[in-house]
Amino acid sequence: MLWTVARDLLGKLLVVSPQTVNEFREPSSKSKAYRGPHDRAAHSYGGRRTKRTETMYGIGGTAICLFVYGMYNQFNVVTGSRGNSARSIDSRLEPVEGDRLDAQTSSRPTGPKSHQRPGKLCIALGIDRKLDAADLLAERVWLEAQDGIPRFRIATGPRIGIDYAEEWKDKPWRFWNQGQSFYQ
DNA sequence: TGTCCGATTGGT
DNA sequence: CCAATCGGACAG
């Protein structure tokens, strides 16, 4: 199921291994699920198929990198089978002890919260649209298993920032690791 | 071409 | 609560 994938993303390490000096490794503490064409909150609602959403219709295991709000990039993961898909997961990551994200977010003062959310995360990891449609089984960006998270540690709640989504607004498709996240 | 809006964020 | 900020979607 879609939300099973979202839940399983928790605790995974997102690794972006570009040709740059740093290799950032971040464990996911939060995820959200968007259910393809039916979900009013999904960009692919109604089967909308444009340049921007095209990647969502690809095969599961592909990255989607979207530009949102004129300011931020967002990293998502496609789930489901080709054509059928139109589904994605959005993840939030927390810094690991000793990481070097602060160096990337530069000018502003940075605390642990400043780069854990999707927009700042992409800045920190250097994720942009160039990674759109990247194969997560290849060598640019991938997910690695870590220690599992006990099921009782995983909380769920409604997704945020989608007030327009009508009855889909209340679906409990946001997941987070209670032992790890700053936000609930 | 013009207008409207957003899967965000940080500051009032 | 609200502004920042601009590409994408869509109407015309």
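Chain naming here is simple, since letters A, B, ... match the order of the sequence lines and numbering starts at 1 in each.
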Check your understanding: Side chains of Gln178(A) and Trp176(A): donor-acceptor distance under 3.5 Å anywhere?
Key -> no

Practice item. Rounded to the nearest angstrom, tell me the gap between atom NZ in Lys169(A) and atom C1' in dG6(B). Key: 17 Å

Check your understanding: Are Ile127(A) and Phe67(A) in one and the same hydrophobic cluster, where Ile, Leu, Val, Met, Phe, Trp and Tyr link if side-chain heavy atoms are under 4.5 Å apart?
Key -> no

Revision key, fill the gap. To the nearest angstrom, the CZ-P distance between Arg48(A) and dG6(B) comes to 10 Å

Check your understanding: Do the side chains of Leu143(A) and Leu9(A) get nearer than 4.5 Å, heavy atoms only?
Key -> yes

Review point. Between dC5(B) atom C1' and Tyr69(A) atom OH, what is the distance in whole Å?
Key: 9 Å

Exercise for review: To the nearest Å, give me how far apart OH (Tyr34(A)) and C1' (dG6(B)) are.
Suggested key: 11 Å

Practice item. Indicate yes or no: at least one non-hydrogen side-chain atom of Pro118(A) is less than 4.5 angstrom from one of Phe75(A). Key: no

Point to revise | Atom-pair distance (OH on Tyr164(A); C1' on dT8(B)), nearest Å | key: 12 Å

Review point. Just by modelled atom types, is the Ile154(A) backbone N or O under 3.5 Å from a matching donor or acceptor in the Arg7(A) side chain?
Key: no

Exercise for review: Report the secondary structure of DNA chain B in dot-bracket form, marking unpaired bases with a dot and bases paired to a different strand with |, and treating Watson-Crick or G-U pairs with both distances under 3.5 Å as paired.
Suggested key: ||||||.||||.

Review point. Taking any atom under 4.0 angstrom from a heavy atom of chain A, which nucleotides of DNA chain C are the first and last to qualify, 5' to 3'?
Key: dA4(C) to dC10(C)

Review point. Does NZ or CZ of Arg159(A) fall inside the cone over Tyr34(A)'s six-membered ring, less than 6.0 Å from its centre and within 45° of the axis?
Key: yes

Exercise for review: Salt-bridge test for Arg49(A) and Glu54(A): reply yes if a basic N is under 4.0 Å from a carboxylate O, no otherwise.
Suggested key: yes

Exercise for review: For dT5(C) versus dG2(B), give the span between their P atoms, rounded off to a whole number of Å.
Suggested key: 22 Å

Check your understanding: Does Met71(A) or Arg129(A) map to a spot on DNA chain C nearer the 5' end, using the closest nucleotide for each?
Key -> Met71(A)

Revision key, fill the gap. Rounded to whole Å, CG of Asp163(A) lies from C1' of dT8(B) at a distance of 14 Å

Check your understanding: Is there a side-chain contact between Tyr45(A) and His38(A), using heavy atoms and a 4.5 Å cut-off?
Key -> no

Review point. Is there ring stacking between Tyr72(A) and dT8(B), where the centres must be under 5.5 angstrom apart and the planes under 30 degrees?
Key: no

Exercise for review: Decide yes or no for Val77(A) and Leu136(A): does some side-chain heavy atom of the first lie under 4.5 Å from some side-chain heavy atom of the second?
Suggested key: yes

Point to revise | Gap between atoms CG and C1', on Leu66(A) and dT8(B) respectively (whole Å) | key: 12 Å

